[in-house]
Structure formats: structure tokens, C-alpha cells
A.B. asks: 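Dumping the structure here so I can ask a few things about it.
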Amino acid sequence: TGNIWIAADLHLGPDNPGTVQDFLQFLHSAQHQVNALILGGDIFNAWIGDDQIAHPAPWLAQVSEALRTFAQQHPLYLMRGNRDFLLGDTYAHHVHATLLPDQVILDTSAGLILMSHGDEYCLDDLAYQRFRYWVRKPWLQKLYLACPLSLRQRIADSARAGSQRGKQYKSKEIMDVQPAAIVAACEAHAVHAMVHGHTHRPAVHDIPGFEPVRRWVLPDWESDSSEGARRGGYISIEGVQLCLHQWGQEDQCQTLGPQQV
Ligand code: OKV
Ligand code: MN
């Protein structure tokens, strides 16, 4: 499989031009180093339907063009996140990518890796899970997508504003994964590692009771903060090595290999 890179939680949108630029650079450097790229959800900060591409905003046109250029050289896989859950096959085709299901088992040279966006493990955030339950209903999505773009944009803006207000009252524990949900995933899938994003807590976590299986959490991307610090990174799978790369930090690598377990 060569060298696979996985990134998630880019949150690209009109409000973070710095992150868009960072991502364009990342794609360019990936072009010369990888055999495949997987984007694990929340690529976009909001997604109100694939028909946006008919009249794309300049930042979106630029991102789509760069994705297409990349995908002409190497396989590109897109996964939906909690923000861009409406991303569809129309957009995937537009950039010559393949849309992945919400959970995949990657059969890599380093072993079997369970990969997802990660929001499905945040079961203690009841308000979010309720939101997720409803907006994943195909009939509600059809209804929403039947609305004019301008109305969808207004609904999205107010949903995001409401979510921002609600977040103030949530504790750190509530917004992280639920340990029991991770254990359930390990019991359901005999894998050598888990990879996900969403929580914005990049690290390599042990999973008590399932050693040596570890949970590799992807960093979120942010290059528009007032402090001027760039945040972001990716996970690489090359040979039997799994590495977590974060801007401005030491790489965290581990030899996995199916023979290890
Ligand atoms: C995405 C999140 C906004 C979290 C609405 C049906 C309904 C889809 C939608 C509207 C919002 C996506 C599409 C967005 C994620 C938020 C706020 C919180 C926690 C409907 C289907 F119900 F109105 F009919 N939406 N947008 N949130 O702005 O991209 O993930 S969004
Ligand atoms: Mn997310």
C-alpha cells in the first residue's frame, strides 16, 4: 500500500482562509510523497449540499481544483464528518474522489485499522447525539436539500450559532469519546489500531483491556487564530509504521505490523 496519509477536521470555509492556504500546501506536498490520501471528515466547516459546486465561492473552487489535481495522481478518499455530513457522491465525483462509508477497516501493511470520523463515540454529548439522530434521517435530509440554497444557508448559519452557544455549557469529558463506546468498537472489530478525529485532542491513547491496540486521534487544523500559531497535522501509515505528525511537534511513531498482535 506504500505511504498513506490521513487528515481530518480541516474545517475549511470562508472564515478561515489561512487554513485553506495551509491545506492547499499540504495537498501539494502530499502529491510528491503519498500513494493515497484519506480525509476523515469535517473537511468543510459546513456543507449545505453538493449543488454548491454549481456556483462555488472562490475558496471552495480553489480547494476543489486542488483536490481534483491531487486525485488525478493518487487515490483520494473522502469521509463525512459531523459538519459535512451532507457531502455526497456528486461532490466526490466532482473532485475524482471516492466517498467512504462512516466506518472503514483499512487493510494496511501495518495491520487492520478501524477508521472513522469519531463523533459516533461521543455518546455522552446527548444534545449532539440527538442532533445527529435527526439530521441523519434520509427524509429530513431530502426535505432540507429541496429548499433553496439561500434558505439552507440561513438554517445552517442559525444552527451553527445555536451550537456555539450550547458548547459553553458542555464539559471537556462530555465532548470527548465515551470509553465504553471505544471498548465496544474494539470488541466488534478485531483490529490492530483505531484512527479517528473529531475530538480535537491529538494523541496516541491506550485502550485499557485491549493492549496493544491504541487509539490514534488526528489533530484539527487552525491557522487563523489571533495568536498566530498554526495547528494541524496528519497520520501516516508507511510499511509497519504508524506516525502522528503535528505541526511544530515531534512525530509520534509506532511499529504496528500485523505480526505484533
Ligand atoms: C453542521 C452542525 C451545523 C454539529 C439541517 C436537515 C434540518 C441538514 C441540515 C443544517 C446545518 C448542515 C446541514 C452544520 C453541523 C451544525 C450545528 C451543530 C454539532 C436539516 C439536514 F434539520 F434543518 F432540516 N443541515 N448544516 N453541528 O451548517 O453544515 O455538528 S451545517
Ligand atoms: Mn468533527
Side-chain angles (χ1 to χ4, degrees), residues 6-16 19 23 38-53 56-57 59-60 63 78-88 90-91 99-100 102-104 115-172 174-178 181-182 194-203 215-222 231-235:
I6 307 173
D9 297 292
L10 305 143
H11 300 129
L12 304 179
D15 304 327
N16 29 22
T19 311
F23 179 63
I38 306 175
L39 299 177
D42 285 7
I43 303 159
F44 301 107
N45 203 21
W47 195 259
I48 60 174
D50 287 357
D51 50 345
Q52 283 175 101
I53 59 180
W59 71 269
L60 180 58
V63 167
L78 308 181
M79 190 177 262
R80 302 179 182 94
N82 59 294
R83 311 216 60 107
D84 48 12
F85 62 88
L86 280 186
L87 209 64
T90 304
Y91 184 74
L99 196 61
L100 293 175
D102 290 340
Q103 291 197 326
V104 291
M115 193 209 149
S116 66
H117 179 61
D119 57 313
E120 72 270 47
Y121 303 125
C122 298
L123 296 178
D124 291 330
D125 189 344
L126 297 178
Y128 169 66
Q129 290 299 331
R130 200 173 309 122
F131 171 83
R132 184 176 194 267
Y133 172 84
W134 284 108
V135 295
R136 286 170 71 94
K137 294 270 183 212
W139 66 267
L140 191 57
Q141 294 190 357
K142 280 203 191 96
L143 188 68
Y144 179 78
L145 289 171
C147 296
L149 262 172
S150 57
L151 176 58
R152 275 182 269 159
Q153 186 67 60
R154 287 217 309 278
I155 293 171
D157 290 345
S158 77
R160 286 167 61 201
S163 160
Q164 209 58 41
R165 282 194 301 275
K167 259 191 202 148
Q168 300 167 20
Y169 308 108
K170 290 182 189 173
S171 70
K172 276 199 177 346
I174 280 176
M175 295 206 292
D176 202 353
V177 298
Q178 185 190 72
I182 300 301
M194 286 177 74
V195 170
H196 69 79
H198 183 67
T199 60
H200 303 185
R201 288 173 207 203
R215 186 166 63 87
W216 295 68
V217 180
L218 292 156
D220 62 313
W221 291 47
E222 166 68 88
R231 199 167 68 240
Y234 62 98
I235 284 172

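Atoms within a ligand are numbered from 1 in the order they appear, just like the ligands themselves.
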A.B. asks: Please work out which of the three classes, parallel, tilted or perpendicular, describes the rings of H200 and H198, given edges at 30° and 60°.
C.D. replies: perpendicular
A.B. asks: Salt-bridged, K170 to D124, with N to O below 4.0 Å?
C.D. replies: no
A.B. asks: For a distance under 2.8 Å, tell me if H200 has an N/O/S atom near the Mn ion (ligand 2).
C.D. replies: no
A.B. asks: Can an N, O or S atom be found in N82 less than 2.8 Å away from the Mn ion (ligand 2)?
C.D. replies: yes
A.B. asks: By atom name, which N, O or S atom of H198 is the nearest to the Mn ion (ligand 2)?
C.D. replies: ND1
A.B. asks: Would you name the N/O/S atom of D42 that lies closest to the Mn ion (ligand 2)?
C.D. replies: OD2
A.B. asks: Between R80 and H117, is any side-chain donor less than 3.5 angstrom from a side-chain acceptor?
C.D. replies: no
A.B. asks: Flag the pair R136 and D102 as a salt bridge only when some basic side-chain nitrogen lies within less than 4.0 angstrom of an acidic carboxylate oxygen.
C.D. replies: yes
A.B. asks: Verify the distance criterion only: is there a donor paired with an acceptor across the side chains of D157 and Q153 at less than 3.5 Å?
C.D. replies: yes
A.B. asks: Under a 4.0 Å heavy-atom cut-off, which residues neighbour ligand 1?
C.D. replies: A46, W47, N82, R83, F85, L86, Y128, F131, L140, Y144, I155, A156, A159, R160, S163
A.B. asks: Is the distance between the ring centroids of F85 and F44 under 6.0 Å?
C.D. replies: no
A.B. asks: Regarding E120 and Q129, do their side chains bring together a donor and an acceptor under 3.5 Å, going by distance alone?
C.D. replies: no
A.B. asks: Check for a donor-acceptor pair, side chain of W221 on one end and backbone N or O of G233 on the other, with a separation under 3.5 Å.
C.D. replies: yes
